[in-house]
Amino acid sequence: MADTEYNAPEIEVKWQQRWEKDKLYKVTEDPSLPKWYALTMFPYTSGALHIGHWYAMAPSDVAARFRRMQGYNVLHPMGFDSFGLPAENAAIKRGIHPRTWTLQNVENMRRQLKSIGAVYDWDREVITCLPEYYRWTQWMFLKMYEAGLAYRAKAPVNWCPKCQTVLANEQVIDGHCERCETLVEHSAREQWFFRITNYAEELLDFKDVEWPERIKIMQRNWIGKSVGTEITFGLPGNDEELKVFTTRPDTIFGVTFVVLAPEHPLVEKLTTPDKKKEVEEYVQTARHRTEIERLSTAKEKDGVFIGAYALNKLTNEKIPIFIADYVLLSYGTGAVMAVPAHDERDFAFAKKYGLPIKTVVAPPDMPSGELSEAYVGPGNMVNSNQFNGMPNDKATEAINDYIENKNFGGRKTSYRLRDWLISRQRYWGTPIPMIYCSRCGIVPVPEKDLPVALPDDAEFKPTGESPLKYVDSFVNTTCPQCGGPAKRETDTLDTFMCSNWYFLRYTSPGYDKGPFDPEKIKYWMPVDQYTGGAEHAVMHLFYARFFIKVLRDLGLIHFNEPFTRLFNQGTIIYLKQKMSKSRDNVVTPEDYVNKVGADTVRAYLMFLGPWSQGGEWNDNGINGISRWLNRFWSISQTGAVIFPDTSPDDAAELALRRILHKTIKKVSEDLEQFRFNTMIASLMELTNYLDDVRTAKSVCRSVWKEAITSLLLISAPAVPHITEELWERTGHPYSIHQQRFPAWDTQLIIDEQITLVVQVNGKLRDKITVDASISEEDARRTALGLEKIQNFINGKEIMKIIYVSGRLINIVVK
RNA sequence: GCCGGAGUGGCGGAAUAGGUAGACGCGACGGUCUCAAAAACCGUUGGAGGGCAACUUCCUUGUCGGUUCGAUCCCGACCUUCGGCACCA
């Protein structure tokens, strides 16, 4: 075969067409093979693929290809997450219909995705904004509703009074509207929720998954379980009572005031007339603050006395009631008992407003006067009546018992997790399939009437309501129960609802008797390996876990967790920043694909650094990969005829075979563990070594052929096009991507000679090459006899000698 | 602010059941080829000092401490930086 120049773009297009024509990557269920579901998070249809998308998709394709070569039946699908705010913004800004904009982007991105050369089975593509998909998203909502897991309640939204619009958090910049800079308010409105809190306890359990510890920690923190006590305080002169949640019931005797969230429903009722103005002003200010600001421990805690008092039933003391924005209505009961002596925030608050500080848990060095800072550690109880003298952990239980006996409250577990707000006041989303009838109330759309289709003729003006509200033909309908006139729900679903189940749809994309074919689900699910950005650590990955548990409880599926293994790749940066259109630092993959080829871009992205850490795109660095693949091309095509028939040099052949098999092992293990950077490095090393062997012609024909064949096979997942071409050029039958990954010879990779490091007092002083089987006795004798070592130990006393077999000898002298 | 990562040559990074720090690559410098340049190929390349030389000594993994025969790796404190924090997806 002629040694022509490596023309990557030409080869790549040729093979991509051939693979597509032959349906090489078509996947069907095959019960005789072990299945492997390798899933990459599908992209949002933002417009065009940038190198960050490649960074997510190329290495995961390499891992999927490796599994195929290991004999798994691999499902590695791709699709488009295509509902969302940006489509609507494009409509407002440029007058394009969100559907047009989105579907154009799908076309463009699909074309771009194909140039990666991945093993995607495009027959399984899923597009979430198409009625054939969102029909089933709506169906899922109805199932949730029937199960009592969907409900309506009031919740605050970001409201811009000037634009008359609900804003997403990202549209709020420093508390102001991103468009008109008006101060954003938080106002309440009726919206739909999912009862994710019902699953809080089960979601804490990760026994069925192999996930990175940090992601599990983030989800645990998100759930924020805390075991404590709910305690009822009296409200003298009022028939209501006040409930607080605390994790420190042992400090109940140290309570000197109570703090309510500014939004707490009792605030209006309890505020005395003389405090009304001050309280209202404070509530207004709090409305503009974000939760992060409110909870920041750096911010000085402020609040307002509302003029009313609460009664501590254990002490019969009357204590003042404050409101402060560091207390959130959504957590616990929206009210806390303040114990300045034993809580840092309460301490700062008490100091600021001159409130008493009463010590009830004695610190080891109990000061005679007031504490200088909050004491949060353990100690014995003081100033606590019958509980005095007890260690505070014992007192916690005793006080809990006492409270329960007296009916003052009781033990309770609180979660930071809140129910999932799924309503969006937007057009470009899945319509919530509900109907409001003046006679029958809230009525779900019957399954047979699905999908509730998005109307085409909506107007995209920022009006504060979903644009759907103004489409009469959409809103006005008849009640499925009584047949009378009724109105449709105009909120749409959070797009996280779409991504909750797309991976189920991939198993049976055309299925029309349900969201998925239960038989296919049984074969493919759960996902064996999920990969994607860590920015999804909590929300998407958490909601999907919740959703799968719900579907399981509805009897629709058979497993507990959607994603058995999870891996988060890092972020690719360019010019020191995360790539984004607004920063104008987007690297377009096509420019490079057309110049140096997809294989080069794939390999370069892998070579940048550890996949989990991300890295910086550098235009120069890619040259190294180009050079490597050029050498790879040339070496692989070196005709075996230039090598002798019989072994010219047994040692050289053994050395080559040893390095080859060590590389097979290294590449296999690296692929297994997603260490793509070192995999590429070891492939480069093997290539360099083969280059030297070629020059020396030190091996016979068959050894050379074995080396080239193996090199191509172990490189095939990483660089699928060039290896396919060379596989053909070296006389192998199509396709390399249907071959098995080579195994390494465990005997061959054991070294006969090793380098032993000789240290004196832990510092490297010499190295010796010895037989791998050397005894400790021989190693010591050899080491001590070395001239260099003698120079360092002469005249000194040998304290001890540390011997690490196969590694080193350390002589400790004084 | 809270939670979670990461700090190693000029640059990207390699090496952790604690055992040769700097694999592989980029860049730079020198050379071969060329009328010249590009490409390609060969060589050198952590810093400082000593030697004509084969060589050799000391320092070096963000900072400061600790444990250890031995620390990039373990422990404590600090500094810097990146990600998440519930309507971006």
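Proteins come first, then strands; the chains are lettered A, B, ... in the order of their sequence lines, and each starts at number 1.
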J.: Please give, in whole Å, the distance from C88(B) P to Tyr543(A) OH?
T.: 10 Å
J.: Scan Pro610(A) against the nucleic acid and name what it touches under 4.0 Å (heavy atoms): base, sugar-phosphate only, or nothing.
T.: sugar-phosphate
J.: Output, in order, the C-alpha distance, side-chain angles, deciding distance and verdict of salt bridge (Lys or Arg N to Asp or Glu O under 4.0 Å) for Arg426(A) and Asp494(A).
T.: CA-CA 9 Å; Arg426(A) 316 244 175 245; Asp494(A) 183 356; over 6 Å; no
J.: Would you indicate which nucleotide in A86(B), A40(B), C3(B) comes nearest to any side-chain atom of Trp222(A)?
T.: A86(B)
J.: Under 4.0 Å between any heavy atoms, over every strand shown, what does Leu683(A) touch: base, sugar-phosphate, or nothing? Just pick one.
T.: nothing
J.: What's the gap between C11(B) and C75(B) when it is taken at their P atoms, as a whole Å value?
T.: 28 Å
J.: Among G4(B), A89(B), C69(B), which is the nearest nucleotide to the side chain of Leu85(A)?
T.: A89(B)
J.: Choose from A89(B), G12(B), U57(B) the nucleotide whose nearest atom is closest to any side-chain atom of Phe792(A).
T.: U57(B)
J.: For the side chain of Val757(A), starting at C-beta, report the closest nucleotide among C26(B), C24(B), U20(B).
T.: U20(B)
J.: Between Phe141(A) and Trp192(A), how do the two ring planes meet: parallel, tilted or perpendicular, split at 30° and 60°?
T.: perpendicular
J.: Looking across every strand, which nucleic acid part, if any, lies under 4.0 Å from Trp628(A) by heavy atom: base, sugar-phosphate, or nothing?
T.: nothing
J.: Counting heavy atoms from C-beta on, name the nucleotide in A15(B), G5(B), G70(B) closest to the side chain of Asn810(A).
T.: G70(B)
J.: Rounded to the nearest Å, what distance is computed from the CD1 atom of residue Ile789(A) to the P atom of nucleotide U20(B)?
T.: 15 Å
J.: Give none if G9(B) has no partner; otherwise give the nucleotide forming a Watson-Crick or G-U wobble pair with it, both distances under 3.5 Å.
T.: none
J.: What's the gap between U63(B) and C24(B) when it is taken at their P atoms, as a whole Å value?
T.: 26 Å
J.: Indicate, yes or no, whether a donor-acceptor pair under 3.5 Å links the base of C87(B) to the side chain of Gln191(A).
T.: yes
J.: In whole angstrom, give the distance that lies between atom NZ of Lys788(A) and atom C1' of U20(B).
T.: 13 Å
J.: Counting only Watson-Crick pairs (N1-N3 plus N6-O4 or O6-N4) and G-U wobbles (N1-O2, O6-N3), all under 3.5 Å, who is the partner of U67(B)?
T.: none
J.: Keeping Thr600(A) on the side-chain end and Ser626(A) on the backbone end, is there a donor-acceptor pair under 3.5 Å?
T.: no
J.: Only one of Tyr199(A), Phe496(A), Phe194(A) passes ring pair (Phe, Tyr, Trp, His ring centres under 6.0 Å) with Tyr543(A); say which it is.
T.: Phe496(A)
J.: Report which part of the nucleic acid Leu808(A) touches: base, sugar-phosphate, or nothing (heavy-atom distance under 4.0 Å, all strands).
T.: base
J.: Heavy atoms from C-beta onward define the side chain here; which of G4(B), G27(B), C3(B) lies closest to that of Arg627(A)?
T.: G27(B)
J.: Any base atoms under 4.0 Å from His536(A), or only sugar-phosphate, or nothing? Heavy atoms, all strands.
T.: base
J.: For Asn618(A), answer base if it contacts any base atom (sugar-phosphate contacts may also be present), sugar-phosphate if it contacts only those atoms, and nothing otherwise; contact means non-hydrogen atoms under 4.0 Å.
T.: nothing
J.: Starting the side chain at C-beta, find the nucleotide from C24(B), A14(B), C26(B) nearest to Met684(A).
T.: C24(B)
J.: Base, sugar-phosphate, or nothing for Phe42(A), non-hydrogen atoms under 4.0 angstrom?
T.: nothing
J.: Taking the same atom, C1', in G12(B) and in G66(B), what whole-Å distance lies between them?
T.: 33 Å
J.: Is it true that Arg152(A) and Glu190(A) make a salt bridge, defined as a side-chain N closer than 4.0 Å to a carboxylate O?
T.: yes
J.: With sugar-phosphate meaning primed atoms plus P, OP1 and OP2, does Asn630(A) contact a base, only sugar-phosphate, or nothing at under 4.0 Å between heavy atoms?
T.: nothing
J.: At 4.0 Å (heavy atoms only), tell me whether Gly84(A) reaches a base, stays on the sugar-phosphate, or touches nothing.
T.: sugar-phosphate
J.: Please determine whether a side-chain nitrogen or oxygen atom of Lys767(A) lies at a distance below 4.0 Å from atom OP1 or OP2 of U20(B).
T.: no
J.: For the pair Trp611(A) (side chain) and Asn677(A) (backbone), establish whether a donor and an acceptor sit closer than 3.5 Å, ignoring hydrogens and angles.
T.: no
J.: Could you check whether any side-chain N or O of Gln613(A) sits under 3.5 Å from a backbone N or O of Gly609(A), counting only pairs where one atom can act as donor and the other as acceptor?
T.: no
J.: Suppose you measure atom C1' in G19(B) against the same atom in G30(B); what distance do you get, rounded to whole Å?
T.: 37 Å
J.: A71(B) C1' sits how many Å from Arg807(A) CZ, rounded?
T.: 15 Å
J.: Please determine which of Phe83(A), Tyr502(A), Trp501(A) meets the ring pair (Phe, Tyr, Trp, His ring centres under 6.0 Å) test together with Tyr133(A).
T.: Trp501(A)
J.: Just the rounded figure in Å: distance from C1' of U20(B) to CD of Gln753(A).
T.: 17 Å
J.: Given that both distances must come in under 3.5 Å, which nucleotide forms a Watson-Crick or G-U wobble pair with U72(B)?
T.: none
J.: Expressed as a whole number of angstroms, how long is the span from Met539(A):CE to C85(B):P?
T.: 6 Å
J.: With respect to the side chain of Met218(A), which nucleotide from G4(B), A15(B), A86(B) is positioned closest?
T.: G4(B)
J.: Scan every strand shown for a Watson-Crick or G-U wobble partner of U61(B), both distances under 3.5 Å, and answer none if you come up empty.
T.: none
J.: To the nearest Å, give me how far apart CD (Gln759(A)) and P (C69(B)) are.
T.: 13 Å
J.: Given the P atoms of G1(B) and C78(B), what is the spacing between them in whole Å?
T.: 13 Å
J.: Need the pair for A28(B). Rule: Watson-Crick or G-U wobble, both distances under 3.5 Å, any strand; none if unpaired.
T.: U44(B)
J.: Taking any heavy-atom pair under 4.0 Å as a contact, classify Arg765(A): base, sugar-phosphate, or nothing.
T.: sugar-phosphate
J.: Please answer whether the main-chain N or O of Gly762(A) pairs with a side-chain N or O of Asn810(A) as donor and acceptor at a distance below 3.5 Å.
T.: yes
J.: Classify Glu213(A) by what it touches in the nucleic acid, base, sugar-phosphate, or nothing, heavy-atom distance under 4.0 Å.
T.: nothing
J.: Can you tell me whether the side chain of Glu616(A) and the base of C11(B) have a donor-acceptor pair closer than 3.5 Å?
T.: no
J.: How far, in whole Å, is C87(B) from U80(B) if one measures between their C1' atoms?
T.: 33 Å
J.: Tell me what Ser423(A) touches on the nucleic acid: a base, only sugar-phosphate, or nothing, going by heavy atoms under 4.0 Å.
T.: base
J.: Could you tell me whether Ile802(A) contacts a base, only the sugar-phosphate backbone, or nothing, with contacts defined as non-hydrogen atoms closer than 4.0 Å?
T.: base
J.: Name the closest nucleotide to the Glu685(A) side chain, picking from A21(B), C69(B), C24(B).
T.: C24(B)
J.: Apply the ring pair (Phe, Tyr, Trp, His ring centres under 6.0 Å) test between Trp617(A) and each candidate in Tyr592(A), Tyr55(A), Trp54(A); give the one that qualifies.
T.: Tyr592(A)
J.: What is the base-pairing partner of A21(B), counting Watson-Crick and G-U wobble geometry with both distances under 3.5 Å?
T.: none
J.: Tell me what Asn688(A) touches on the nucleic acid: a base, only sugar-phosphate, or nothing, going by heavy atoms under 4.0 Å.
T.: sugar-phosphate
J.: Tell me whether G83(B) sits syn or anti, counting syn as a glycosidic angle within 90° of 0.
T.: anti
J.: If you measure from the P atom in A77(B) to the same atom in U44(B), how many Å do you get, rounded?
T.: 46 Å
J.: Can you tell me how far C1' in G46(B) sits from the matching atom in A38(B), rounded to whole Å?
T.: 31 Å
J.: Over how many whole Å does the gap from Lys763(A) atom NZ to U68(B) atom P extend?
T.: 18 Å
J.: So, under a plain 3.5 Å distance rule, would you say the side chain of Arg426(A) forms a donor-acceptor pair with the base of C87(B)?
T.: yes
